[in-house]
Each structure stands twice: as structure tokens, then as C-alpha cells.
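All remarks here apply to the structure that follows.
Quantities reported herein were computed from a predicted structural model and do not represent experimental measurements.
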Amino acid sequence: MKYLVMFGLLFILSCKSDDDSSGLNTLDIAYEQNFIETSFLEAGETAPPLVNWSGEKVTFSATTLPNTAPDDLFNINMSIDEETGVLSWDRSIPLGKTDIFITASNALESTTVLVTINNTFVEGLFYGGFNDDISDEPNISTTTSDGSLALSKEGTAGLLISSDGDIISIDGTWTIDESLITINFNTNNRVLKGIMNGENDEPAATFIGQWGEGLDQNNNIENLKGAFRFIGEFISE
């Protein structure tokens, strides 16, 4: 009787193992890279992901929410092929890190993976100028066009301004945090803080923000003087 009970138990476990092996596998997708480095004003795309189809073909969707709420970049400058899972982005993807949540789903199940794109700015030469509008929403269209701004990949900055027929040269340094660029000049404690934007159908980048003198303990401009706008060709490595 003892041997019959053990035989029956082994038979049940064997059947259960067969049932497990005949069931659907868990849906799984994997991209070559989950952290992608790209350069400002450069479009790109991923290779198709490796997919465990789980017995049925899947469709792909993606979103950048909630990280970029209230805007979903997939309505602006990103797309995904619903059949292949290839993720694409155009030249206007913002600077800094963008998290993309990619979902593969079929009639039975779905799974989501995270892919992060890190878009970096290297260096550039820009032309534009300043105004004295210190309102909460300054009129950028009133900025002058009498200056040039050079940002090098070594972190140095150079500003040339035409004033009463003379050319004034100011040197400094620049840093970037995600999409926010801060420039500290050595003369009169001049500080520029702004965002670098790119346009998909234009070869130029626009650097807009506010300028003033000094930074407070929260790294905000202490003595606000006005707004600025510089437009120029992006220089890639």
C-alpha cells in the first residue's frame, strides 16, 4: 500500500510538470539598450526588441507619462512602430533624460519596460542679444541682435557684444543640468540661465532665458536684469 501511495504521488507531480510546460510562457521584451545616449538635434531609432511572443503576436505602444506630465512626448517628437517595437525620435527631443514606458500586449497579457534617452548638448555658436524685460512672461521678441555667444565642450563661454561701435568681450563658464544651462561670466557677475530648444525642421537651436547679476543660495538669479535669446547652428562632435 505504501508503494501505491508513492507511485500515485509521483504520477500526480509528473502530470503537473507536463501541464506547466505546455502552458503559455510569460510575455517578455528586451531592447539592446535600456539607456540610450544621443546628441542634441540628432534624430535616431532603436533596433527591434527581442520578444518572447508568448504564443501570440503582440502590439507595441509607448508613453512618457507621468514623468513629463502634462505633455506626452509621443504626441510631439517620438513614435513607436506598433508591429516591430522600433522606437524613434526626431531632432526636437528635449535635452536631458527622458523616460519612455514601452508596453507590449496581446489578447492574454501585457508587459512594460523602461527605456531612457539621455540627450546631451556639447557645444555651439549662437547669435542674439538681451532686453530689460523683468516681467514673469518677458517679451523675447524685443531682444537685441548685437551679440554672439560661444559655448565650448570644455565648459568655457565667450560673449561678444557690440556697444556704441565698440566690441565688448566677456569670458566665463557654463554648466548644464538636464535642459537648464547656466552661464557665469567673470565681468559684473553677469549670469545667464535658460533652456536650449531644437526644432525638427530647422538646423538651428534656440537658447532663451533670463539674465542678471549673481546667484542666490537657491541658485536663482539674484538681481534680475531682463531676458535673452540666442539662435545658432549646433556644433556636434
Side-chain angles (χ1 to χ4, degrees), residues 39-41 64 67-71 73 76-77 91-98 117-236:
S39 295
F40 187 49
L41 289 187
T64 59
N67 293 43
T68 55
D71 296 324
L73 297 184
I76 303 173
N77 49 29
R91 299 173 69 252
S92 63
I93 184 173
L95 282 172
K97 296 183 181 69
T98 300
I117 297 178
N118 185 32
N119 187 19
T120 58
F121 173 79
V122 180
E123 61 181 344
L125 177 62
F126 305 88
Y127 299 93
F130 305 84
N131 67 21
D132 57 1
D133 188 346
I134 60 173
S135 63
D136 292 337
E137 297 183 3
N139 185 0
I140 301 298
S141 65
T142 63
T143 55
T144 62
S145 57
D146 54 4
S148 66
L149 175 66
L151 305 180
S152 77
K153 60 185 177 182
E154 290 79 19
T156 61
L159 177 65
L160 295 177
I161 303 176
S162 176
S163 177
D164 298 328
D166 296 327
I167 301 297
I168 301 174
S169 176
I170 307 175
D171 296 323
T173 58
W174 69 276
T175 58
I176 185 169
D177 181 10
E178 294 293 328
S179 60
L180 180 64
I181 294 177
T182 302
I183 306 175
N184 285 277
F185 289 102
N186 302 327
T187 303
N188 298 325
N189 293 319
R190 182 178 294 224
V191 176
L192 278 65
K193 292 191 69 172
I195 302 293
M196 192 78 69
N197 295 313
E199 296 295 334
N200 185 41
D201 55 354
E202 296 290 339
T206 302
F207 181 36
I208 58 175
Q210 295 178 307
W211 70 281
E213 295 177 355
L215 294 172
D216 62 21
Q217 59 183 3
N218 296 316
N219 205 35
N220 295 317
I221 296 177
E222 195 165 28
N223 185 14
L224 187 63
K225 294 291 188 178
F228 68 85
R229 176 177 62 179
F230 285 85
I231 301 174
E233 195 78 18
F234 174 68
I235 305 171
S236 60

* Asked: Say you draw a straight line from NZ of K153 to OG1 of T120; how long is it, rounded to the nearest 0.5 Å?
  -> 12.5 Å

* Only counting residues at least two apart or in another chain, list the ones meeting side chain to side chain contact (heavy atoms under 4.5 Å, CB included) with S148. => Y127, L160

* Just wondering, more than 12 heavy atoms not from I140 lying within 6.0 Å of its CD1? -> yes

* Of all the heavy-atom pairs spanning T143 and A227, show the shortest one and how long it is. => CG2-O, 4.0 Å

* Full working for side chain to side chain contact (heavy atoms under 4.5 Å, CB included) between F230 and L151 -> CA-CA 12 Å; F230 285 85; L151 305 180; over 6 Å; no

* Structure fact -> Those residues at least two apart in sequence (or on a different chain) that pass side chain to side chain donor-acceptor pair (under 3.5 Å) with N186 are none

* Asked: Judged by atom type as modelled, is there a donor-acceptor pair below 3.5 Å linking the side chain of N119 to the main-chain atoms of P94?
  -> yes

* To do: Kindly say whether N220 contributes a backbone atom to a donor-acceptor pair with the side chain of N218 at under 3.5 angstrom?
  => no

* Not counting sequence neighbours, which residues clear side chain to side chain contact (heavy atoms under 4.5 Å, CB included) with N219? List them please. => K193, L215

* **I117: which of L73, T64, I93 passes side-chain contact (heavy atoms from CB on, under 4.5 Å)** => I93

* What distance separates D71 CG from I76 CD1, expressed to the nearest 0.5 Å? -> 5.0 Å

* Between W211 and F228, is the gap from one ring center to the other below 6.0 Å? -> no

* Asked: D133: what forms a side chain to side chain donor-acceptor pair (under 3.5 Å) with it, not counting sequence neighbours?
  -> S135

* Asked: Would you find a donor on one side and an acceptor on the other, under 3.5 Å apart, between the side chain of T206 and the backbone of I231?
  -> no

* Structure fact -> So CZ of R229 and CZ of F130: to nearest 0.5 Å the spacing works out to 13.0 Å

Can you give the donor-acceptor pairs under 3.5 Å from side chains of residues 173-184 to other protein atoms, not counting sequence neighbours?
residue, atom, partner, partner atom, Å
W174, NE1, S152, O, 2.8
W174, NE1, T156, O, 3.4
E178, OE1, K97, N, 2.7

* Structure fact -> Heavy-atom closest pair (A150 atom, L125 atom, distance to 0.1 Å) is CB-CD1, 3.9 Å

* Atom CG of L192 and atom CD1 of I208: how far apart are they, to the nearest 0.5 Å? -> 12.5 Å

* Asked: Which heavy atom of E222 sits nearest a heavy atom of D216, and at what distance?
  -> CB-N, 4.1 Å

* Within the side chain of N77, is there an N or O that forms a donor-acceptor pair under 3.5 Å with the backbone of S92? -> yes

* Considering all heavy atoms, the nearest A157-F185 contact -> CB-CE2, 4.2 Å

* With sequence neighbours left out, write down each residue that passes side chain to side chain donor-acceptor pair (under 3.5 Å) with N139, or none if nothing qualifies. => S141

